[in-house]
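Step one of this worksheet: look at the structure below.
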Amino acid sequence: MGVSSHVFKAQASTARPLAVAEFLSSLSKICTTAESSHRGQAETFGLAISGGVDSMALATLCSQLQSTYPGTGLPPLGSLRKIDFRAFVVDHGVRAGSTSEANSVARLLEGRGAEIAYFGQALWLTRYLGIQTQVLQINWPGCDNPADKPNFESLARKYRYQIMGKACKDLGIRSLLLAHHEDDQAETILMRLIKGHGRLGLMGMKVDGGIPECYGIHGVYESGGIPIQSPLIEPHSEHNALAFPQNSEQMNLFYQARLPIETGGIKIYRPLLSVGKERLIATCQAEGMEWFEDHTNKDPTLTTRNAIRHMYKSYYMPAALTKPALLELSARCRAVTNSELEVTKQWLARCDIRTFDNRTSILDIRFPDLKTFANTQQADGQLLAANIIRYIVMLVTPEEHVSLSFLNTAVERVFREVMTSKKNQRKPPMAFTVAGVEFRPIIEGVSHARHQGSKPPVEEKCRWLISRQPYNSSSETHPSILVPPPHSPLENTWSEWTLYDGRYWIRIKNRGPMPVLVRPFRKEHLHRLLRPPNWIGKGRRLKQILKRIAPGASRWTIPALVLRGNDAKEVPFALPSLDFRDPDLGAEVDWEIRYKKLYTDGLPQLHSTLEV
């Protein structure tokens, strides 16, 4: 909502309004949520509504769809038998009158399809087959005048997506529709050209994707669905394979078990991305829908996007910078990228994944030999190698994104065959780290612990042990979660799900008198856990398990639970990802742990190693 918005009706547009059948057809092409719904199920979609003509056209079409679906002549949306919508209007609260304006937009939405009457200056609406609407108020942390911040636009975007994402989560909504259109897309591409973006940036906005700006919010960011369970985990059996083994007979079963894997997360869709703004204006006018015009969008000095809009309205643009030309550029970039993606998946399927244990984030893999590909397409070979490595790194990295530009060293070490320099091709594999992930070569038939610094033969592709990079010596940079003791002895609640180290989703139920800390496993923790009487039986099994599934320094990257006393002394009592608990401590603490959502498309072998 801008500084001087007002209810607006423009001169009639000559463009063709968007029909609800055309809108539904566009939505059905991109909306995978409907395809994943159970047959005959109803689905509620969220709508991001600003009050401008774009979002009000979206609301108009959704209102028509809500009241007519399923109907004669309408294409089906997956197997859904009923479609509902819930609108979200965000009040940024940065100026006087913003709350009143947000409420005015909400009344327009909820009164859609109703009689409209004016009494003096007041607008009265009676709700009839409208869209349920919720006004969301942004609370700016520690800031009295957020509009004065130099990064106000980016902060507003962040808080806007986060508050809408949380609202979707609370209402059980899995999909949020945005009103970005064809003109927005062209402006975005030109903005990225100005900033020097490459091909990936010049693809422009995607028609679908995960909700942005919500990293680490459970139930919003890539989580909150039904977790993928290993078939070995049977809740009603006498022994759960994931549970720490109680005897040597249960050890083999334990080695095969894996943590549940997160699914879900809020997805965004842009069903109007191929529709011009003029058609959206015509849609509102044809349906008698009013909208709010934000005059700050017309000030070319405020933002780059405003300046670009001013240029298009006031000047003739060179042919290469016209909107059709920019959209064609986007389409070409997307076609090339999609082709690369298909090639990457083909080569990913050739990766020899021996095992991937998500309890310790350790992967044993042999990458494919790209020699035949590189002999014909040298430059593309290096790009293919980087894409393959990024897919694998994302299985283990604590980081949200990994840029291809950071993977040059990894390509040189892992895929020597695609390098132009013969000197690089003769170099033996050596350990390295990238994006918080450690790559260590494995020599076939030789103990990794004894020969981790040895040089395997140069002419053959070696296996790699990939794990979380060990933490540095500064504990201030280590990941941690603090769960305080309950306020009263009767309190028996779980903490919020928290993303630990970008890999594990963890929640704790602490009923004890001391705070519980989730932090990296340490050598002194192991000595404490192996002390008598634990060493007899259980401690011995723990030592065997760590040697097998968390060798060397990789074990110091798995999470541990410790009790913190009044003297700040920490006492370890559990390794949650291994379901290990000290029998003498932490009896009043429970936990649940899952691994982050994985994208395994193109990695069929990974499914078998995860037992999913």
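- A distance-only check finds a donor-acceptor pair linking the side chain of Ser55 to the backbone of Gly51 [under 3.5 Å].
- Across Ser480 and Leu517, no two heavy atoms sit closer than the pair CB-CD1, 4.2 Å.
- Remark: Phe88 CZ to Gln132 CD distance equals 10.0 Å, nearest 0.5 Å.
- When all heavy atoms of Thr263 and Ile226 are compared, the closest pair comes out as OG1-O, 2.8 Å.
- Summarising the geometry of Ser223 relative to Ile217, their closest heavy-atom pair is OG-O, 4.0 Å, with the distance given to 0.1 Å.
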Ile506 and Thr498: CA distance, side-chain angles, deciding distance, side chain to side chain contact (heavy atoms under 4.5 Å, CB included) verdict: CA-CA 5 Å; Ile506 299 178; Thr498 303; 5.8 Å; no

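- Side-chain atoms of Ile228 and Leu598, non-hydrogen and from C-beta on, never get closer than 4.5 Å to each other.
- When each of Val343, Val336, Asn338 is checked for a side chain to side chain contact (heavy atoms under 4.5 Å, CB included) with Glu340, only Val336 meets the rule.
- For the ring pair (Phe, Tyr, Trp, His ring centres under 6.0 Å) criterion with Tyr595, the lone passing option out of Tyr504, Tyr500, Trp505 is Tyr504.
- In this structure, His310 and Tyr315 have perpendicular ring planes: the angle between them is above 60°, well past the 30° mark.
- The shortest side-chain heavy-atom distance between Leu407 and Leu404 falls under the 4.5 Å cut-off.
- In this structure, the separation between OH on Tyr391 and CG on Asp601 is 6.0 Å, given to the nearest 0.5 Å.
- Residue Pro515 comes nearest to Leu482 through the heavy atom pair CB-CD1, 3.9 Å, listed as atom of the first residue, atom of the second, then distance.
- In the model, Arg334 has no side-chain atom that pairs as donor or acceptor with a side-chain atom of Thr337 under 3.5 Å.
- Contact annotation: the side chain of Leu18 approaches that of Leu272 to within less than 4.5 Å [non-hydrogen atoms, C-beta and beyond].
- Shown here is Glu496, whose CD atom has no more than 12 heavy atoms of other residues, nucleotides or ligands within 6.0 Å.
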Which donor-acceptor pairs under 3.5 Å do side chains of residues 148-160 form with protein atoms, sequence neighbours excluded?
from: Ser154; atom 1: OG; to: Asn151; atom 2: O; distance (Å): 2.9
from: Arg157; atom 1: NH1; to: Glu213; atom 2: OE2; distance (Å): 2.7
from: Arg160; atom 1: NH1; to: His92; atom 2: NE2; distance (Å): 2.9

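- A donor-acceptor pair under 3.5 Å links the side-chain atoms of Asp184 to the main chain of His181, judged by distance alone.
- At least one side-chain heavy atom of Ile268 sits less than 4.5 Å from a side-chain heavy atom of Arg270.
- Rounding to the nearest 0.5 angstrom, the gap separating the CD1 atom in Ile49 from the CE atom in Met164 is 9.5 Å.
- For Asp501 (side chain) and Pro479 (main-chain N/O), no donor-acceptor pair under 3.5 Å exists by modelled atom type.
- Looking only at side-chain heavy atoms (C-beta outward), Leu329 and Leu193 come within less than 4.5 Å of each other.
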task: Show the numbers, then the answer: is there a side chain to side chain contact (heavy atoms under 4.5 Å, CB included) between Phe292 and Met56?
output: CA-CA 9 Å; Phe292 282 70; Met56 296 308 284; over 6 Å; no

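- Using a 4.5 Å cut-off on side-chain heavy atoms (C-beta onward), Met205 and Ile189 make no contact.
- A donor-acceptor pair is defined here as one N or O able to donate and one able to accept, closer than 3.5 Å; such a pair exists between the side chain of Arg279 and the backbone of Pro17.
- Within the 3.5 Å criterion, the main-chain N or O of Asn472 finds a donor-acceptor partner in the side chain of His478.
- Residues Thr557 and Tyr471 are in side-chain contact: their nearest non-hydrogen atoms beyond the backbone lie under 4.5 Å apart.
- In this structure a side-chain-to-backbone donor-acceptor pair under 3.5 Å is present from Thr303 to Asn306.
- The pair Arg309-Glu187 meets the salt-bridge criterion, since a charged nitrogen lies less than 4.0 angstrom from a carboxylate oxygen.
- No side-chain donor-acceptor contact under 3.5 Å links Ser50 to the backbone of Ala48.
- Residues Glu570 and Arg519 meet the side-chain proximity criterion, which asks for heavy atoms closer than 4.5 Å.
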- prompt: Can Tyr599 and Met394 be said to form a side chain to side chain contact (heavy atoms under 4.5 Å, CB included), step by step?
  reply: CA-CA 8 Å; Tyr599 290 89; Met394 291 306 298; over 6 Å; no

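- Partners of Arg390 under the side-chain hydrogen bond (donor to acceptor under 3.5 Å, both in side chains) rule, at least two apart in sequence or in another chain, do not exist in this structure.
- Atoms CD1 and NZ, from Ile30 and Lys206 in turn, are 13.5 Å apart once rounded to the nearest 0.5 Å.
- Here the CD1-CG distance, from Ile131 to Leu108, works out to 11.5 Å after rounding to the nearest 0.5 Å.
- To the nearest 0.5 Å, atom CD of residue Glu278 and atom CG of residue Asp183 are 7.5 Å apart.
- Between the side chain of Ser361 and the main chain of Arg468, no donor-acceptor pair closer than 3.5 Å is present.
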Stepwise side chain to side chain contact (heavy atoms under 4.5 Å, CB included) check, Val402 with Val437: CA-CA 11 Å; Val402 175; Val437 176; over 6 Å; no

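- Between Glu262 and Lys596 there is no salt bridge, since no side-chain nitrogen of the basic residue lies less than 4.0 Å from a carboxylate oxygen of the acidic one.
- Side-chain N or O atoms of Ser26 include one that pairs as donor or acceptor with a backbone N or O of Pro271 at under 3.5 Å.
- Within a 6.0 Å radius of CZ in Phe432, more than 12 heavy atoms belonging to other residues, nucleotides or ligands are found.
- Pro576 and Pro559 get closest at one heavy-atom pair: CD-O, 3.3 Å.
- Considering all non-hydrogen atoms of both residues, Phe415 and Ala385 come closest at CD1-CB, 3.4 Å.
- Judged by distance alone, the side chain of Ser403 and the main-chain N or O of His401 form no donor-acceptor pair under 3.5 Å.
- Side chains of Arg305 and Thr188: a donor-acceptor N/O pair is present below 3.5 angstrom, by distance only.
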